> 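Below are the structure tokens for one structure; questions will follow.
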Amino acid sequence: MKLRHNQRLVLIGDSITDCERKFPHGEGLFQGVGKGYAALADALLQAAYPELNIRVTNMGIGGNTVRDLKARWQSDVLDLKPDWLTVLIGINDVWRQFDQPAIPESHVLPEEYERTLAELVESAVPGTQGIVILTPFYLEPNAEDRMRKRMDEYGRAAGRVAERFGALFVDTQAAFDPHFAHVHPTALASDRVHPSLTGHLLIARALLQALGFDWGRMGGGA
């Protein structure tokens with residue numbers, strides 16, 4: 001397990017991370033960390049590693065693109081001094097190209113996405129023990145679908161940034177793909193973007209696996 005005693009894990013992103021978390025900082029009682037993968041990861045960490053006293057802080061904001069992350073990076077990441085940081089961004093960067101095709105200023109094209117993400121990650125490297133970059137995703141099994149194909153392009157960009165700065169990398173799209181052999185994508189997300197609780201659990205599992213989570217610590221038996 002890569003997380004250590006009394007460390008802080010900050011998760012930043014868009015609505016997939018946000019999931020009704022508390023503001024200004026998504027942490028604490030009464031689902032302060034939200035209702036999505038951040039909350040599931042928090043619950044699993046507390047259940048399996050109570051002795052570590054991990055502090056999980058959700059800093060997702062719905063509708064955000066990588067531009068929005070840049071605007072709040074100092075206050076919402078660097079000022080919080082995370083030991084570990086996860087970044088899941090890019091879904092809206094792509095989505096706006098499809099649901100707002102006539103508003104080009106809302107589109108974050110691949111070059112800007114990769115450049116900005118790299119800038120943000122580089123600024124966070126010196127103050128953190130580790131960073132995890134998760135790919136944006138679109139819950140569509142057909143890799144030739146226009147939006148899925150575009151999202152995969154941003155996923156590859158996220159992978160290049162992770163490799164450049166030595167960050168852990170989670171291919172979130174790959175975590176969903178096996179399910180498409182058994183269920184229609186709308187069973188995981190009615191709009192192909194905002195996952196059900198099952199979808200959030202798949203994200204949480206992929207994230208925790210990257211962090212070296214020992215699933216055997218969940219125990220069992222009556």
Side-chain angles (χ1 to χ4, degrees), residues 1-14 16-19 21 26-27 33-60 82-91 117 121 124-125 128-139 141 151-152 154-183 185 187-189 193-220:
M1 179 60 172
K2 299 180 184 299
L3 295 169
R4 296 292 179 258
H5 186 254
N6 285 340
Q7 288 195 328
R8 186 177 201 178
L9 170 64
V10 171
L11 305 96
I12 194 163
D14 49 40
I16 312 304
T17 304
D18 182 341
C19 281
R21 58 98 170 179
E27 57 185 13
V33 77
K35 300 177 180 178
Y37 78 91
L40 291 168
D42 181 36
L44 287 163
L45 285 169
Q46 305 311 326
Y49 296 91
E51 75 281 4
L52 293 184
N53 194 39
I54 302 299
R55 180 179 182 180
V56 175
T57 308
N58 181 346
M59 297 304 290
D83 298 288
W84 280 87
L85 171 69
T86 78
V87 184
L88 171 52
I89 198 68
I91 293 169
L117 182 60
V121 170
V125 166
T128 57
Q129 179 180 318
I131 297 172
V132 185
I133 298 177
L134 299 92
T135 65
F137 57 84
Y138 183 57
L139 299 186
M151 199 72 74
D152 286 346
Y154 284 62
R156 290 190 292 272
R160 289 191 294 270
V161 172
E163 183 176 12
R164 177 177 170 187
F165 295 103
L168 299 179
F169 177 66
V170 174
D171 188 342
T172 318
Q173 184 71 60
F176 286 109
D177 282 345
H179 271 63
F180 298 146
H182 307 285
V183 299
L188 293 174
V193 170
H194 295 93
S196 63
L197 190 60
T198 300
H200 276 285
L201 184 56
L202 293 174
I203 300 172
R205 182 178 68 175
L207 170 58
L208 291 175
Q209 286 178 173
L211 290 171
F213 188 92
D214 179 1
W215 294 94
R217 290 181 64 105
M218 294 304 294

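None of the values given here were measured: they were computed from a predicted structure. Values reported hereafter were calculated over all heavy atoms of this structure, with side chains retained and with hydrogens, waters and symmetry mates removed.
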> How far does CG of Leu202 sit from OG of Ser196, to the nearest 0.5 angstrom?
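The CG atom of Leu202 sits 8.0 Å away from the OG atom of Ser196.
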> Using side-chain heavy atoms (C-beta onward) and a distance below 4.5 Å, is Val193 in contact with Ile16?
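When only atoms from C-beta onward are counted, Ile16 and Val193 do touch, with a gap below 4.5 Å.
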> What pairs of donor and acceptor atoms, side-chain ones from residues 165-175 against any protein atom, are under 3.5 angstrom apart with sequence neighbours left out?
from   : atom 1 : to     : atom 2 : distance (Å)
Asp171 : OD1    : Gln173 : N      : 3.3
Asp171 : OD1    : Ala174 : N      : 3.1
Thr172 : OG1    : Thr135 : N      : 3.4
Thr172 : OG1    : Thr135 : O      : 3.1
Gln173 : OE1    : Tyr138 : N      : 2.9
Gln173 : NE2    : Tyr138 : O      : 3.1
Gln173 : NE2    : Asp177 : OD1    : 3.3

> Are any side-chain N or O atoms of Tyr154 and backbone N or O atoms of Ile89, one a donor and one an acceptor, separated by less than 3.5 Å?
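Side chain of Tyr154 to backbone of Ile89: no pair is present.
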> Please examine the side chains of Leu85 and Ile12, heavy atoms only from C-beta on, and report whether any two atoms are closer than 4.5 Å.
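A side-chain contact under 4.5 Å exists here.
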> Short question: side chain of Asn53, backbone of His5 - any donor-acceptor pair under 3.5 Å?
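Checking the backbone N and O of His5 against the side chain of Asn53, no donor-acceptor pair under 3.5 Å is found.
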> For Lys2 and Ala210, work out which heavy atoms get closest and say how close.
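What the structure gives for the nearest pair is CE-O, 3.5 Å.
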> Roughly how far apart are Ile54 CD1 and Leu3 CG, rounded to 0.5 Å?
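One finds 4.5 Å between CD1 of Ile54 and CG of Leu3.
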> Atom CG in Leu117, atom CD1 in Ile133: separation rounded to 0.5 Å?
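Taking CG in Leu117 and CD1 in Ile133, the distance rounds to 5.0 Å.
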> With a sphere of 6.0 Å drawn around CD of Gln129, does it hold more than 12 non-hydrogen atoms of other residues, nucleotides or ligands?
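Result for CD/Gln129: enclosed.
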> Which atom pair, heavy atoms only, marks the closest approach of Ala41 to Ala204?
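Where Ala41 meets Ala204 most closely, the heavy atoms are N-CB, 4.0 Å.
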> Below 4.5 Å, heavy atoms only, C-beta onward: do Leu11 and Leu207 meet side chain to side chain?
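SC-SC contact between Leu11 and Leu207 confirmed.
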> Ignoring hydrogens, what is the shortest heavy-atom contact between Pro82 and Thr128? Give both atom names and the distance.
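Distance-wise, the nearest heavy atoms are O-CG2, 3.3 Å.
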> If the condition is salt bridge (charged side-chain N to carboxylate O under 4.0 Å, His left out), which residues does Arg205 pass it with, not counting sequence neighbours?
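With sequence neighbours excluded, Arg205 shows a salt bridge (charged side-chain N to carboxylate O under 4.0 Å, His left out) to no residue whatsoever.
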> OH of Tyr49 to CG of Leu211: how many Å apart, nearest 0.5 Å?
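Reported to 0.5 Å precision, the distance equals 9.5 Å.
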> Going from CG on Leu44 to CG on Leu201, what distance comes out if it is rounded to the nearest 0.5 angstrom?
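Nearest 0.5 Å value for the CG-CG distance: 7.0 Å.
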> Run the side chain to side chain contact (heavy atoms under 4.5 Å, CB included) check on Met1 and Leu52 step by step: do they pass?
CA-CA 10 Å; Met1 179 60 172; Leu52 293 184; 4.3 Å; yes
> Is the shortest side-chain heavy-atom distance between Tyr37 and Thr17 below 4.5 Å?
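They are in side-chain contact.
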> Please find the pair of heavy atoms, one from Ala39 and one from Gly34, that lie closest to each other, and give the distance.
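Reported closest heavy-atom pair: CB-O, 3.2 Å.
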> Closest approach of Pro195 and His200, non-hydrogen atoms and distance?
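So the minimum-distance heavy-atom pair works out to O-CD2, 3.4 Å.
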> Heavy-atom count around His179 NE2 within 6.0 Å, excluding the residue itself: above 12?
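Open: at most 12 neighbouring heavy atoms sit under 6.0 Å from NE2 of His179.
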> With heavy-atom distances below 4.5 Å as the criterion, would you say the side chains of Asp42 and Asn58 are in contact?
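No - every pair of side-chain heavy atoms lies 4.5 Å or more apart.
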> Among Met59, Arg8, Arg21, which residue meets the side-chain contact (heavy atoms from CB on, under 4.5 Å) test with Glu27?
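Testing each of Met59, Arg8, Arg21 against Glu27, the sole residue satisfying side-chain contact (heavy atoms from CB on, under 4.5 Å) is Arg8.
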> Quick one: pull up CG in Leu40 and CG in Leu208 and give me the separation to the nearest 0.5 Å.
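CG of Leu208 is found 9.0 Å from CG of Leu40.
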> Please report the shortest heavy-atom distance between Arg217 and Ala48, naming the atom on each side.
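Looks like NE-O, 2.8 Å.
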